[in-house]
Visitor: 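Below are the structure tokens for one structure; questions will follow.
For the numbers below, each heavy atom of this structure counts, side chains included, while hydrogens, waters and symmetry mates do not. Ligands are counted one by one from 1 in listed order, and the atoms in each one are counted from 1 as well.
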Amino acid sequence: MSISLVILAAGMGSRMNSARPKVLHPIGGAPLLAHAMRAGDILEPERVVVVTGHGAEAVAKAAKTANPDVLIAHQAEQLGTAHAVAQARAALEGFTGDVVILYGDTPFVSPETLERMREARERHAVVVLGFEAADPGRYGRLILNGEMLERIVEYKDATEEERAITLCNSGVVCADATALFQLIDSVGNDNAAGEYYLTDIVAIARQKGLSVGAVRCDEAETLGINTRAELAAAEVAFQTRARAEALENGVTLIAPETIYFSLDTVIGRDAVVGPNVVFAPGVTVESDATIRAFCHLEGCHVSRGATVGPFARLRPDAYLAEDVHVGNFVEIKNANIDEGAKVNHLTYIGDADVGEGSNIGAGTITCNYDGVFKHRTTIGKNVFVGSDTMLVAPVRLGDGAMTGSGSVITEDVPAGALALGRARQENKPGLATRLMERLKAKKAAAKKEG
Ligand code: UD1
Ligand code: MG
């Protein structure tokens with residue numbers, strides 16, 4: 001059975017107290033919406049439809065970043081969850097499989113749970129995901145009759161007796177596409193909120209004699225984010241899970257609770273990560289690489305056997321080949337560092353290529369920016385860049401070239417050449433001693449007078 005996803009993301013999320021649409025707030029460096037979309041990946045959806053409303057343009061853009069094939073349905077007015085799903089009808093035209101409905105602000109539904117819902121669909125026309133709530137609060141309540149889900153009552157419309165039920169609605173629903181839209185056509189808005197409730201499809205399905213089942217999951221999976229406090233708690237939950245996953249995948253984390261991951265972080269087996277490392281979005285680290293303490297990595301690739309840090313910053317499009325060494329207080333941006341090259345101390349390499357086996361001395365800077373344009377520095381193989389060299393880009397250093405310490409290199413250096421771009425040193429014999437004596441005498445005279 002093929003599956004399509006409908007992800008509801010039209011709500012404003014007023015309790016976030018934010019100008020930004022709720023589903024665009026990030027955890028693990030990715031918008032909540034991307035997490036929800038990722039959760040559905042396990043079902044290998046044929047189509048993914050995101051229903052936008054508040055901040056539609058920005059939400060659609062984030063959805064397309066997460067999945068370029070996503071279909072966008074617009075809900076101009078937020079008239080309720082059933083109305084939101086109805087907006088996806090056109091995008092699902094001609095689709096005959098099952099639809100799974102997810103919320104854009106509910107990032108943690110597990111793949112196993114979605115698999116169990118798919119299985120339960122073999123026995124029921126409609127399957128709803130429920131959970132036992134520690135504090136049922138304002139969730140919709142599931143009214144069961146034996147194994148059959150008879151209806152869902154929204155908190156606002158519930159009696160005291162119904163409010164005492166602790167089995168709650170997560171919002172996740174799975175149903176055949178054709179049946180789902182037929183059921184939604186029968187949903188009205190005669191209720192306490194004056195909204196078209198998706199939850200009403202349960203009672204309507206039962207009236208039609210259709211079977212409706214409930215699958216239960218852990219409450220943590222249905223955690224919806226409505227406030228900044230919940231966002232912060234979700235970040236903690238995400239990081240806890242990401243750390244556990246990394247350990248399970250054979251990555252050594254010396255102090256797991258101090259490592260921050262992004263949704264898309266990929267780290268190979270037997271990589272070692274020291275304390276206090278941040279993996280911002282877009283990082284891949286291959287097996288056997290070592291990231292020492294206090295590094296910040298973003299949008300970069302670290303190959304097998306490479307060593308980074310402590311205290312290094314890898315910015316977007318830094319590519320470290322195998323066995324590269326990047327040491328302390330080094331920043332690398334948009335640069336390819338080839339196999340075995342070393343950039344060990346206090347250096348900025350930006351918009352550059354560093355060839356195989358080259359050694360970049362302490363304090364080297366690629367002067368890549370002229371205030372308007374960025375320029376490239378190209379360093380060949382086995383080049384030795386002396387400490388404190390300023391490489392004023394655009395500039396090229398040929399294979400096996402050297403630069404003297406403290407040089408300002410403004411012109412290309414041919415292969416095998418030594419470039420010296422600094423003032424010539426002059427020694428004045430005895431001058432230091434004489435100068436000191438004069439200064440000390442001056443100080444003594446001033447003391448006498450004062
Ligand atoms: C909904 C459920 C409730 C369940 C709870 C779980 C209904 C009627 N109620 O209530 O049973 O316990 O979720 O969190 O379905 N949305 C739209 N367009 C709309 C309305 C909502 O896209 O017109 C989206 C929201 O952005 C959100 C989701 O649907 O992602 C749920 O809407 P929300 O208003 O939070 O529903 P609840 O009242 O929490
Ligand atoms: Mg809600």
Visitor: Looking at D264 and R38, is any side-chain nitrogen of the basic one under 4.0 Å from a carboxylate oxygen of the acidic one?
Guide: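 Answer for the salt bridge query: no.
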Visitor: Salt-bridge test for E162 and R141: reply yes if a basic N is under 4.0 Å from a carboxylate O, no otherwise.
Guide: no
Visitor: Here's one to test your reading of the geometry: is the NZ or CZ of R243 within 45 degrees of the ring axis of Y260 and under 6.0 Å from its centre?
Guide: yes
Visitor: Within the distance-only criterion (no hydrogens, no angle test), does the side chain of N249 pair as donor or acceptor with the backbone N or O of V251 below 3.5 angstrom?
Guide: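 Side chain of N249 to backbone of V251, a donor-acceptor pair under 3.5 Å: no, none is there.
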Visitor: Return yes when at least one protein heavy atom is under 4.0 Å from atom 34 (O) of ligand 1, and no when none is.
Guide: no
Visitor: Does the protein put a heavy atom less than 4.0 Å from atom 22 (O) of ligand 1?
Guide: yes
Visitor: Answer yes or no for G80: is there a heavy-atom contact with ligand 1 below 4.0 Å?
Guide: yes
Visitor: Please check: side-chain N/O of E221 versus main-chain N/O of T113, any donor-acceptor pairing under 3.5 Å?
Guide: no
Visitor: For R138, which part has a heavy atom under 4.0 Å from ligand 1: side chain, backbone, both, or neither?
Guide: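 For R138, there is no contact with ligand 1 at all, from either part.
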Visitor: Give a yes or no answer on whether the side chain of S287 reaches the backbone of R304 with a donor-acceptor pair at less than 3.5 Å.
Guide: no
Visitor: Do any N or O atoms from the side chain of D157 and from the backbone of A192 form a donor-acceptor pair under 3.5 angstrom?
Guide: yes
Visitor: Verify, without hydrogens or angle tests, whether S262 (side chain) and F279 (backbone) share a donor-acceptor contact under 3.5 angstrom.
Guide: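 Checked: pair present.
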Visitor: Distance under 4.0 Å to a non-hydrogen atom of A84: what atoms of ligand 1 satisfy this?
Guide: 17 (C), 18 (N), 22 (O)
Visitor: List every atom of ligand 1 that sits less than 4.0 Å from any heavy atom of A10, numbering the atoms from 1 in the order shown and giving each element.
Guide: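 Those atoms are 17 (C), 18 (N), 22 (O), 26 (O).
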Visitor: Tell me if a side-chain donor or acceptor on S4 pairs with a main-chain N or O of V99 at a distance below 3.5 Å.
Guide: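 Here the side-chain-to-backbone pair does not exist.
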Visitor: When you look for heavy atoms under 4.0 Å from ligand 1, do you find them on the side chain of S170, its backbone, both, or neither?
Guide: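 Only the backbone of S170 comes within reach of ligand 1.
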Visitor: Under 4.0 Å, heavy atoms only, figure out whether ligand 1 is touched by the backbone of T222, its side chain, both or neither.
Guide: neither
Visitor: Does R163 make a cation-pi contact with Y155, if we ask for NZ or CZ under 6.0 Å from the ring centre and within 45° of the axis?
Guide: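 Cation-pi check for R163 and Y155: passes.
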Visitor: Does the protein put any heavy atom within less than 4.0 Å of atom 38 (O) of ligand 1?
Guide: no
Visitor: Please confirm whether the backbone N or O of M16 pairs with a side-chain atom of K22, one donor and one acceptor, at under 3.5 Å?
Guide: no
Visitor: Heavy-atom contacts with Y197 under 4.0 Å: which atoms of ligand 1 show up? List them by number with element.
Guide: 8 (C)
Visitor: For atom 6 (C) of ligand 1, grab the closest protein heavy atom and report residue, atom and distance to one decimal in Å.
Guide: N169 O, 3.4 Å
Visitor: With a 4.0 Å cut-off on heavy atoms, is V51 touching ligand 1?
Guide: no
Visitor: Please list the nearest protein heavy atom to atom 1 (C) of ligand 1 with its residue and the distance rounded to 0.1 Å.
Guide: Y103 OH, 3.3 Å
Visitor: Considering non-hydrogen atoms of the protein only, which is the closest contact for atom 27 (C) of ligand 1, and what is the distance?
Guide: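 Nearest neighbour among protein heavy atoms for atom 27 (C) of ligand 1, to 0.1 Å: D105 OD2, 4.0 Å.
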Visitor: Record the part of E195 in heavy-atom contact with ligand 1 below 4.0 Å; permitted values are side chain, backbone, both and neither.
Guide: neither
Visitor: When rounded to the nearest 0.5 angstrom, what is the spacing between CD1 in I201 and CG in D185?
Guide: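 Answer rounded to 0.5 Å: 11.5 Å.
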Visitor: Check whether any heavy atom of G53 sits under 4.0 Å from an atom of ligand 1.
Guide: no
Visitor: I need the nearest protein heavy-atom contact for atom 26 (O) of ligand 1: residue, atom name and distance, please.
Guide: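 Nearest neighbour among protein heavy atoms for atom 26 (O) of ligand 1, to 0.1 Å: G11 N, 2.9 Å.
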Visitor: Give the numbers and elements of all ligand 1 atoms closer than 4.0 Å to a heavy atom of G140.
Guide: 3 (C), 4 (C), 11 (O), 12 (O)
Visitor: In the protein, which heavy atom is nearest to atom 10 (O) of ligand 1, and how far is it?
Guide: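 Looking at atom 10 (O) of ligand 1, the protein heavy atom closest to it is E154 OE1, 3.9 Å.
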Visitor: Applying side-chain hydrogen bond (donor to acceptor under 3.5 Å, both in side chains) between D351 and each of N334, T377, T366, report the one that passes.
Guide: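 Answer to the side-chain hydrogen bond (donor to acceptor under 3.5 Å, both in side chains) test with D351 among N334, T377, T366: N334.
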Visitor: Check contact between H83 and ligand 1, using heavy atoms of the residue and a distance below 4.0 angstrom.
Guide: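 In this structure, H83 fails to qualify as a contact of ligand 1 - no heavy atom is under 4.0 Å.
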Visitor: Answer yes or no: is there a donor N or O on one side and an acceptor on the other, between the side chain of R376 and the main chain of A352, under 3.5 Å?
Guide: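 Present.
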Visitor: So is there a nitrogen or oxygen of E77 less than 3.5 Å from a nitrogen or oxygen in ligand 1?
Guide: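 Min N/O separation from ligand 1 is not below 3.5 Å for E77.
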Visitor: Considering only protein heavy atoms, which is closest to atom 7 (C) of ligand 1, and at what distance to one decimal place?
Guide: T81 OG1, 3.4 Å
Visitor: Tell me which protein heavy atom sits closest to atom 18 (N) of ligand 1, plus the residue, atom name and distance to 0.1 Å.
Guide: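 In this structure, atom 18 (N) of ligand 1 has Q75 OE1, 2.7 Å as its nearest protein heavy atom.
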Visitor: What is the closest protein heavy atom to atom 24 (C) of ligand 1, and at what distance does it sit?
Guide: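 Of every protein heavy atom, L8 CB, 3.7 Å lies nearest to atom 24 (C) of ligand 1.
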